[in-house]
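All chains are named by letter (A, B, ...) in the order of the sequence lines, taking the proteins before the strands, and each is independently numbered beginning at 1.
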Amino acid sequence: MAEKIDFKICLVLMLLPLIGACDILAPNKGQPPPEYMVESYQKAGQWLQPVYLSRTASLEEDYSFSELAVSGAAVRIEKIGPDGAVQETYPYREKASQSGVYLPNAATFVQPLQKYRLVVEGLEAGQTLRAETVVPDTFQLARSNADTLTYQGDTQLETTVTPSSYPGRRAIYMFVSEALEPRIDQMVPFYKGFATGDSAAIIQQNRKKSSMPINAAQYGSDDDGPLRMKGPWLMFSFYGPTRVSIRAIDDNFYDFTRSDMAQESGTTGPGEIPGVLEHVEGGTGVFSSYAEVSTIVYLRAPAGP
Amino acid sequence: MILLPMRRLPLLLFSFLVTVSAYGQPDETASMSGMVEDASTGETLIGANVLLKGTTVGTATNNRGYFTFTGIAPGTYTVTCSFVGYKTYHQKVTLSAGEEYRADIELVSDEVAIEEVVVSAREEKARKMRRIGSAQLDTEVIKEMPAMLEPDVFRSLQLLPGVQAASDYSSGLYIRGGGPAQTLILLDNTTVYNPSHFFGLFSTFNPDAIKDVRLYKGTAPAQYGGRLGAVVDIYNKDGNRRTTHGGVSVGLLASRATVEGPHPVGSWMLAVRRSTLEPLLNMLHKQEIEGIPDNFYFYDVNGKLNIDASQNNRMSLAFYAGTDRLAFPFSEDASAKVRYGNRTLSANWMHIFSDRLFANFTITASRYFSRPIFSVAGTPFQRNNTITDYSVKSDFELTPDNHHNLTAGFWAGDFSLRFADRFDEKVMIDKHLPSQYLYWYAQDRYEPAKRWALQGGIRGSYFSRGSYLRFAPRFSVEYQPLKNVRLQLGYGRYHQFLTLISSEMFTAFDLWLTAGEDVPPAYGDQLSLGVKTNLGRGVHLDTEVYARTMEDLFELDPRTADITGRSYSELFHYGQGYAYGAEVLLEKRRGRFNGQLAYTFGITRRQFPDVNRGSYYPPKYDRTHDLKAVLNVDITEHWRASSVFSLASGQAYTRPSARYRLSHSPFRSVPASVFVTSFNNRRLPSYHRLDVGVTRSGRFFFAGYQLQLQVLNVYSQRNIWFYLFQLNGEKVEKTEVPQIPIPLPNVSLSLEF
């Protein structure tokens, strides 16, 4: 009898863990309030560029910049010295004809290897957005091996550039190609295979292509020597004249691009979407800078069979 | 500092052998040892129970089918031996003082089952084999379960509590909160690095070739290591030692052939399996259906040669070779060529030094390769991930008396890993990562009294890449308060020097990497508590609770875009995790209606500083509740029906909370849509599915046959695999990607001659 009672106690003990086994699911949180989003790309050696200010959208609503634009904010860019102090301030004003678009009050050149801070104030509840970028050093295009190429022919585009530099790391580059006279009948087969919809949309979608970030070590140089960069065929979407740019990017755009690629390509498991790496305090978006060189090549279609 | 314990290793082994010699001296007690084999095939039986009736002396055969008792008082005893599906063996023996009695036992298969005998055998097996965290799988059960196109070892393991499937399309093992990377897979003592065919749809192990599958879900004993989580230990058949015997099986996806037989001093076995999809692919090509591969096939070959040199010496040579190949032009001017597979070779020598000392020596070679080649718009991308692993291992088992069972051994190897990526004919990364490793262990199972069993051990590991030396204690205790109740506790520390980057979608690109300079090995502690009961009439109820930690996890950072020139440690991101849960298994083995009910409550979380701002998150395969019910009905002598029902909480997925658009990027001509989201912040709907199957068996002229008709997802449940969030114009569309959405039939015919 005692053994039977003990046995029942054992059974109860065994089932005890299940009592606490309620379903632990992530709570169905409501939609978070929209965040402020900034977008701005500064180019070394060029005038200060616009700042775009808007709010994020929920998944359910259509995206419209004009509806989500944030108007009436106080926007400025600060030039930061090596000691962290503000050296100069460049105030922005909102474009009269387009809310959410802020332009610099005065034309000022963006200096390479200089740190800039974007500050946005005058938002609801006293919120402030801050983001910083260090501008990559300018560099030069030394030579390009061809001004005319046959698509997927023996000769690939090869450019030689003086190296850019960036504090604390190797310079990181991206190829960007832009078809200058894109026509639907001049699309290369690979991109044509995915093309659906009307011609204008297809052209707009494919006119400009960029590569993944590539650091200087890819080109076999760790020192200050010139870099020979080979442009992959994959970056060309149309036959005809194409501007090929090589851009050295800052940390912000590098982090954004590599994490956005992971988000788009689904490199994690099915259904898992990694967030993008951002550097905007108090909000979201991209405040970045780059340096650029470019050349123009003419891409010929290969001879038919 | 590191070398000091290594220098001590020979001393330790010497001490062990001195101890062995001392115990080898004759005394006033007797001993009994032997092999347990199938009478009709000569196949050694792993885990068979041998006991002296009316005494407390009992044991189970080891991985080579060997058992030993020592310290038996002289007298007359009845030896009883039982094993699932065999008639229980009884034999009277008289032992005199100092006698070393050799009792090789042959068990007779009980095809026309006298139910009670078979059931008692099953119960005996369960009693001995159900050590904490472990399970053993009958290969016949694997073949009987409703299967997706092919009977599969791993999918059968997924029916056990604590073992979960990632999806209908994945045979990967997700055990106690760990992914496939954390499970060590051994085939005939040799590591298999990518045990998948058909890109993960099912495992590489041919059920015709397998003799025994053993799973340690956690707190594995000291002879196992190298992974943070579980161990799957698989043994191929030796081959029939009596008669030449064969079988063929034709299925919808693949066909199998097996032949085995004796030779003058042993046996041999050869099992071949190959996919048979080519006619279907040709037909689809003729109909000009798009998206059909140019070429796809897989095959595997298992072979074993046994030499029974003497009663105390047995040698074997076993090999496995498996490959998957795919050539797929997935778009205009874009194609993929994928080739991956495994090769293993092992030479084994089992030597019985004396009735007290058993030894096993193995030389192994294992090779894994994955070499996908993509060509997109004239731009090639190639990856090469290759592992070559040569090793020697040895295990000693000493039974000085009936209270102690000492085991010790080592495993030393030369491990070479290559990871190379080429993009547009340029080398992006080419890492050759050679390493040497040495694992060693010593363990004692001590049974001080009838109801108590204590097992303690230590495992040492040295991994030369990074010069890591690690020690891991293992401990378990078992107490039997009642005849039909056993309480168990297990603890262990585990280290892992490798990491696997794998996707449940496509295992062909499985990428292994190692620890190294500035990349320390991962480690974790496991604690399990179990209560095992025998409710009588063939019904068992087992419960286990477990808790695990995972520290220094290193995974290839999915956001690393430009790997060239980076230091090895920069390729990874580093994190930690934990898991805990409870498992219940209710098993009924007796009668025409039999089966099991397996329930798991489990929680697992990970933390990486760059994910969710360093908060803990659930990996996709985290399921809170998981219930699996298996029911078998022997309708008549020739007809048997099986069904499997699964019900589980939804897995984690990411639902973006918001989005924004970068409309002014100078890097692209169309705006970039970006999701603002925390990682894996939602749950899919609950999962449920019913599979059924019937088997008709009988004889057709000279051959026995088995015809199987099976239907998966009988009631067309559209379980969600994942949600895809895609931009369509200005809107975000949420698309449901289903698991098997319709009833999926399967027919197979097997012949045995």
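Of the charged side-chain nitrogens involved, at least one lies within less than 4.0 Å of a carboxylate oxygen, so that A:R243 and A:E178 count as a salt-bridged pair.
Residue A:D260 touches chain B through its side chain alone, counting heavy-atom pairs closer than 4.5 Å. For a residue to count as touching a neighbouring chain, one of its non-hydrogen atoms must lie under 4.5 Å from one of that chain's; by this rule B:N612 does not touch chain A. Interface remark: B:S331 contributes side-chain atoms only to the contact with chain A (heavy atom separation under 4.5 Å). Looking at B:S665, both its backbone and its side chain come within 4.5 Å of chain A, counting heavy atoms on both sides. For B:L724, no part sits under 4.5 Å from any heavy atom of chain A, backbone or side chain. For a residue to count as touching a neighbouring chain, one of its non-hydrogen atoms must lie under 4.5 Å from one of that chain's; by this rule A:Y191 does not touch chain B. At a 4.5 Å heavy-atom cutoff, the contact between A:N206 and chain B is made by backbone atoms alone. Using a 4.5 Å cut-off between heavy atoms, B:V737 does not touch chain A at all. The contact between A:L234 and chain B is made by backbone and side chain atoms together, counting heavy-atom distances below 4.5 Å. In this structure, chain B has no heavy atom under 4.5 Å from any part of A:V188. Heavy-atom distances place the side chain of A:I172, and not its backbone, under 4.5 Å from chain B. If you measure heavy-atom distances from A:Q152 to chain B, the contacts under 4.5 Å come from the side chain alone. For chain B, the nearby part of A:E278 is the side chain; its heavy atoms alone come within less than 4.5 Å. Using a 4.5 Å cut-off between heavy atoms, B:F725 contacts chain A through its side chain alone, with no backbone atom that close. Looking at B:V376, the atoms closer than 4.5 Å to chain A (heavy atoms on both sides) sit in the backbone and in the side chain alike.
Applying the 6.0 Å contact sphere to NZ of B:K734 captures more than 12 heavy atoms from other residues, nucleotides or ligands.
Aromatic ring orientation, A:F190 versus A:F194: perpendicular (interplanar angle above 60°, classes split at 30° and 60°).
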**Request:** List the steps, then state whether side-chain contact (heavy atoms from CB on, under 4.5 Å) holds for A:K43 with A:E292.
**Result:** CA-CA 8 Å; A:K43 186 175 173 183; A:E292 178 192 64; 2.7 Å; yes
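The candidate with the highest count of non-hydrogen atom pairs below 4.5 Å against chain A, out of B:G581, B:S663, B:A334, is B:S663. In terms of non-hydrogen atom pairs under 4.5 Å with chain A, the most contact-rich of B:E733, B:R566, B:Q651 is B:R566. Heavy-atom pairs under 4.5 Å with chain B were tallied for A:K230, A:M37, A:M212, A:M174; the largest tally goes to A:M37. Among B:A561, B:G530, B:S502, the residue with the largest count of heavy-atom pairs under 4.5 Å with chain A is B:A561. Residue with the most contacts toward chain B among A:S64, A:G193, A:S259, A:S245: A:S259 (heavy-atom pairs, distance under 4.5 Å). Your options are B:G378, B:P666, B:G565, and the one with the most heavy-atom pairs under 4.5 Å with chain A is B:P666. Per-residue counts of heavy-atom pairs under 4.5 Å with chain A were compared for B:R661, B:M428, B:E332, B:K620; the largest is that of B:R661.
Between the side chain of A:Q263 and the backbone N or O of A:P274 there is at least one donor-acceptor pair closer than 3.5 Å. Remark: side-chain polar atoms of B:T604 are not paired, donor with acceptor, to backbone N or O of B:A579 under 3.5 angstrom. At distances below 3.5 Å, not a single donor-acceptor pair connects side-chain atoms of B:T564 with backbone N or O atoms of A:Q218. At distances below 3.5 Å, not a single donor-acceptor pair connects side-chain atoms of A:Q204 with backbone N or O atoms of A:R207. No donor-acceptor pair closer than 3.5 Å links the side chain of A:R170 to the backbone N or O of A:A216.
With B:Y687 as the aromatic partner, B:R623 meets the cation-pi criteria of under 6.0 angstrom to the ring centre and within 45 degrees of the ring axis. Geometric assessment of A:R247 against the ring of B:F667 yields a positive cation-pi assignment under the 6.0 Å and 45° thresholds.
Contact between A:Y41 and B:H664 at its shortest, heavy atoms only, is CE1-O, 3.4 Å.
Paired with B:Y653 under the rule ring-ring contact (aromatic ring centres under 6.0 Å, His included), one option of B:F679, B:Y723, B:Y617 passes, and it is B:Y723.
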